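Computed from a prediction, not measured in an experiment: that's the story for all the values here. No hydrogens, no waters, no symmetry mates; every other heavy atom, side chains included, goes into these values.
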Amino acid sequence: MRYELVIFDNDGVLVDSEPISNTLLAAYLTELGHPTSYEDSLRDYMGAAMHRVHDMVEERTGERLPADFDDVFHGRVFAALERELEPVTGAVEVLEKLAADGVPYCVASSGSHERIRVGHRKTGLDRWFDDGRIFSSQDVGRGKPAPDLFLHAAERMGVATQKCLVIEDSPLGVRAAVAAGMDVYGFTAMTPAERLAGADHLFGQMSELMGLLQS
């Protein structure tokens with residue numbers, strides 16, 4: 001394999017959390033007087049750190065979200081994840097194969113460390129990710145689409161950017177990977193392929209990934 005590190009996004013790539021979190025985000029914003037549909041949330045916020053939600057609402061309305069917005073939202077999300085979350089179909093098999101082949105991998109997510117760990121514990125993916133393989137937008141100054149998170153992950157893992165491959169399902173994540181100088185494969189299970197047009201390859205099922213990596 002020509003890559004020395006595979007960097008996974010988390011939400012929507014490893015754990016099937018995007019429908020849960022975007023349903024709750026749309027409902028909470030609407031509750032606060034900022035009408036938002038599920039489709040709006042996917043379009044505007046999928047793959048983004050929380051500061052993007054604050055920035056976009058203020059830019060569009062001139063109003064700031066409540067100071068406790070993140071805490072309330074995360075409380076709702078964590079409760080739902082504990083009830084409903086499942087791994088993305090095929091993700092376990094990909095991680096098993098990478099580990100068996102000795103291919104380094106990690107996760108670099110816009111979500112908080114707590115959110116990543118909650119999801120991994122619920123789905124059993126925690127066995128594949130020790131602390132040294134988990135990177136969050138909390139670790140850097142700017143979240144996706146800035147390249148900072150992916151650059152940070154590569155540096156901590158000790159791999160040159162041109163030897164890294166990012167697996168992403170959001171336009172913001174694809175932009176971040178391209179800005180970091182990394183190859184990126186776009187996962188189209190939830191995102192229309194045209195929105196991931198900047199990716200080097202597109203694939204719709206996680207079971208396809210190992211074939212792409214070995215081609």
* Side-chain donor-acceptor pair present, Tyr3, Asp183, cut-off under 3.5 Å ->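 Distance-only check passes for Tyr3 and Asp183.
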Do NZ/NE/NH1/NH2 and the carboxylate oxygens of [X] and [Y] come within less than 4.0 Å?
{"X": "Arg156", "Y": "Asp139", "answer": "no"}
{"X": "Arg60", "Y": "Asp44", "answer": "yes"}
{"X": "Asp11", "Y": "Arg115", "answer": "yes"}

Strictly distance-based, threshold 3.5 Å: is any side-chain N or O of [X] a donor or acceptor partner for the main-chain N or O of [Y]?
{"X": "Tyr45", "Y": "Asp40", "result": "no"}
{"X": "Arg43", "Y": "Tyr38", "result": "no"}
{"X": "Thr123", "Y": "Glu86", "result": "no"}
{"X": "Arg142", "Y": "Leu149", "result": "no"}
{"X": "Thr36", "Y": "Ala26", "result": "no"}
{"X": "Asp101", "Y": "Val103", "result": "no"}

* Using the test side-chain contact (heavy atoms from CB on, under 4.5 Å), find all partners of Asp126 that sit at least two apart in sequence or belong to another chain. =>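 Scan of Asp126 (side-chain contact (heavy atoms from CB on, under 4.5 Å), adjacent residues dropped) gives His120, Arg121.
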* To do: Can you sort out the partners of Pro66 under side-chain contact (heavy atoms from CB on, under 4.5 Å), two or more places apart, ordered by chain and number?
  =>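 Expected list: Leu32, Asp68, Phe69.
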* List the steps, then state whether side-chain contact (heavy atoms from CB on, under 4.5 Å) holds for Val184 with Leu165. => CA-CA 6 Å; Val184 54; Leu165 172 68; 5.6 Å; no
Taking only distance into account, with no hydrogens and no angle test, what donor-acceptor pairs under 3.5 Å do side-chain atoms of residues 74-85 form with protein atoms, sequence neighbours excluded?
from, atom 1, to, atom 2, distance (Å)
His74, ND1, Asp70, O, 3.1
Arg76, NH1, Glu31, OE1, 3.2
Arg76, NH2, Glu31, OE2, 3.2
Arg83, NH1, Ala79, O, 3.4

* Criterion side-chain contact (heavy atoms from CB on, under 4.5 Å) against Val159, the qualifying member of Val6, Leu5, Ile7 ->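 Testing each of Val6, Leu5, Ile7 against Val159, the sole residue satisfying side-chain contact (heavy atoms from CB on, under 4.5 Å) is Leu5.
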* To do: Report the residue from Ser37, Ser17, Ser41 that forms a side-chain hydrogen bond (donor to acceptor under 3.5 Å, both in side chains) with Asn22.
  =>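 Between Asn22 and the candidates, side-chain hydrogen bond (donor to acceptor under 3.5 Å, both in side chains) is satisfied uniquely by Ser41.
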* Run the ring-centre check on Tyr105 versus Phe129 and record whether the distance is less than 6.0 Å. =>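 When the ring centroids of Tyr105 and Phe129 are compared, they turn out to be within the sub-6.0 Å range.
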